[in-house]
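When reading the values below, keep in mind they use all heavy atoms of this one structure, side chains included, and skip hydrogens, waters and symmetry mates.
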Amino acid sequence: MTKSLTNKRIILSFMAIWLFLMMAIPSIDSRIKMISLAIFIVGHVLLNNVKISDAMIWPLLIWLLFFLFTFINASINEFRFDTSLFEIYIIRPVVFVLLAPVIDKEDDLHRMTHILIILTLFIGIYNFIIFMQAIGLIPKVLDEEMLFGTKPITIVTNNFFTYRSSNQTALMFLMPFILIIGAGKEYFTSGYRKMISICVPLIFMVCLTSGRRILQIEALLAIAAHMVLRPWNRIKTVKRKYIIMFMVAILGGIIMLYFLNTALNFNLYRASWMTLKDAFGSSLGKNSNRGFQIQELLRMWKEKPIIGWGISAYSSRYNEWRSAGRGENWSYEFFYLALLFQIGLIGICFLGIYVYRIFRRLYKFSQVYSKHIDGIMVKAILWGYIGFLFCGASNPLVTSSWMWFIVIACVNYCKQQNNGKLHLMDL
């Protein structure tokens, strides 16, 4: 084994540890996550021959200049400077571009994809155990509060149930990701095929029963989109083993329903229906928390529609109205509406260009290599990217560092592989 290959495996091990901490156990002490990231960065700089192309540097410089302007704009409008925002919009992009060359070869992309599959399985099993504990089917064997410092939210009645753990946010990316991986699992080794076969139904069960509206909607939309976009010739070739697996799953579900209804006096069918019904119920009335938030964000935007109020701006009326005050006054559930009033139409168009360029590069690559495992992996990351941005409509965690690292590293990989194979001007 060459020294460079050994160094790359060490770096990818650091990456795997950091991704595990960020995605699987995000509630763990932030200092541990920072130390893990620092080790990842230092290891990458010392052990790898870091080369950042101009194609990555120039967009980064333009990004930094724009957000420095938004900080100045906020200061002019008398909103205080916030170090956490500086970390999100200035420090993180620099780190992402610095770490992007970690994924520059085919083996690197494969290892990152394998890590994401393992993380999906871990998060799925973890949440399934919490669900089984919540409905009383198994004794309490996992205590998230004791292990990671936060207690999962569980509400279980005969008519409704919800359970939320800190790592369910990662499913906003991993759920559509694993759906595409599942569609192309024949490209993987038998061990990963088995994991994928477990992951796909497990993750959808977790999403639909989690009680998180955005995850439930995303799961149903992802299934619908996949059925529409998947080639019909593949749908027609249904193998006997899949029919058997489907029948076994139905039989197992009937047995489980009977057991829950009789032994535990828990009506899973009714509770599931009420949980899904609640997901699509309206909570945007003008007197609700969300309704008033929308009103205030739009009111603020109309006062400065072009350049906005600055990235750290907030609505003092809304912060006074909401019962649970938070230190991050600039953070809102409706993230994109908040950005609209903070950075204005110019800022939204600016961000839209970046989002579109990333989408276009990943999409073009996945189309060109659609019959190759690399194309399947890039397509899965693209779907995860779209899913996470969709969920960002009602979740400020769209700025999560791990998601943007995965996407930008994948973009860097596509650029490296395109040399001599696909003209960059096509992207």
Side-chain angles (χ1 to χ4, degrees), residues 19 23-24 110 112-132 163 165 167-212 214-254 256 272 275-276 279 366 370 373 375-388 390-391 403 406:
L19 287 176
M23 299 173 71
H110 293 186
M112 184 172 74
T113 304
H114 294 160
I115 290 168
L116 293 176
I117 293 171
I118 294 169
L119 282 171
T120 306
L121 181 62
F122 175 87
I123 293 172
I125 293 174
Y126 180 88
N127 281 273
F128 181 72
I129 292 174
I130 290 178
F131 168 68
M132 300 295 275
Y163 64 101
S165 62
N167 58 23
Q168 284 179 354
T169 302
L171 298 181
M172 298 175 185
F173 178 92
L174 293 175
M175 188 273 297
F177 165 84
I178 202 65
L179 179 63
I180 299 301
I181 292 294
K185 67 180 180 179
E186 65 268 17
Y187 292 95
F188 293 82
T189 60
S190 62
Y192 283 102
R193 285 202 298 269
K194 292 175 182 176
M195 281 193 281
I196 294 165
S197 297
I198 297 171
C199 281
V200 173
L202 185 61
I203 289 303
F204 276 94
M205 188 280 291
V206 170
C207 289
L208 292 174
T209 59
S210 65
R212 288 181 182 265
I214 198 66
L215 271 180
Q216 294 165 328
I217 296 171
E218 184 192 26
L220 296 177
L221 287 178
I223 294 172
H226 185 61
M227 291 179 65
V228 171
L229 297 176
R230 192 175 182 183
W232 283 103
N233 62 336
R234 293 195 63 186
I235 295 177
K236 292 177 181 178
T237 58
V238 181
K239 295 183 179 180
R240 183 184 302 176
K241 66 176 183 179
Y242 296 119
I243 297 176
I244 295 173
M245 287 172 60
F246 182 70
M247 294 176 64
V248 169
I250 292 178
L251 180 61
I254 293 172
M256 184 176 177
S272 299
T275 301
L276 290 174
S366 66
S370 60
I373 188 171
I376 298 296
M377 291 177 174
V378 170
K379 184 179 179 181
I381 291 172
L382 172 62
W383 273 57
Y385 171 63
I386 295 171
F388 207 84
F390 169 77
C391 292
M403 193 282 291
I406 291 170

Worksheet, complete the sentence: Hits for side-chain contact (heavy atoms from CB on, under 4.5 Å) against Leu202, two or more places apart or cross-chain, chain-then-number order -> Ile125, Phe128, Ile198, Met205
Item to complete: Output all residues satisfying ring pair (Phe, Tyr, Trp, His ring centres under 6.0 Å) with Tyr192, sequence neighbours left out; order by chain, then residue number.
Response: His114
Worksheet item: Looking only at heavy atoms, what is the nearest atom pair of Ala219 and Phe204, with distance?
Response: O-CE2, 3.5 Å
Worksheet item: Where do Ile381 and Phe173 come nearest, in terms of heavy atoms and distance?
Response: O-CE1, 3.8 Å
Fill in: Residue among Leu116, Thr120, Leu171, Thr169 satisfying side-chain contact (heavy atoms from CB on, under 4.5 Å) with Met23
Leu116
Fill in: Distance-only donor-acceptor check, side chains Ser370 and Lys379, under 3.5 Å
no
Discussion item. Ignoring hydrogens, what is the shortest heavy-atom contact between Asn167 and Ala24? Give both atom names and the distance.
Written reply: ND2-O, 3.0 Å
Worksheet item: Checking Arg193 side chain against Lys185 main chain: does a donor-acceptor pair fall under 3.5 Å?
Response: no
Discussion item. As an exercise, state the distance from CE of Met195 to CD1 of Ile117, rounded to the nearest 0.5 Å.
Written reply: 6.5 Å
Worksheet item: With sequence neighbours excluded, what pairs up with Ala380 under the side-chain contact (heavy atoms from CB on, under 4.5 Å) test?
Response: Phe177, Ile180, Ile181
Response to the item:
Residues passing the side-chain contact (heavy atoms from CB on, under 4.5 Å) test with Ile386, sequence neighbours excluded, are Phe359, Leu382
Discussion item. On a heavy-atom basis, which atom in Ala183 and which in Glu186 lie closest, and how many Å separate them?
Written reply: O-OE1, 3.6 Å
Fill in: His110 NE2 to Thr189 OG1 distance, which is reported to the nearest 0.5 Å
11.0 Å
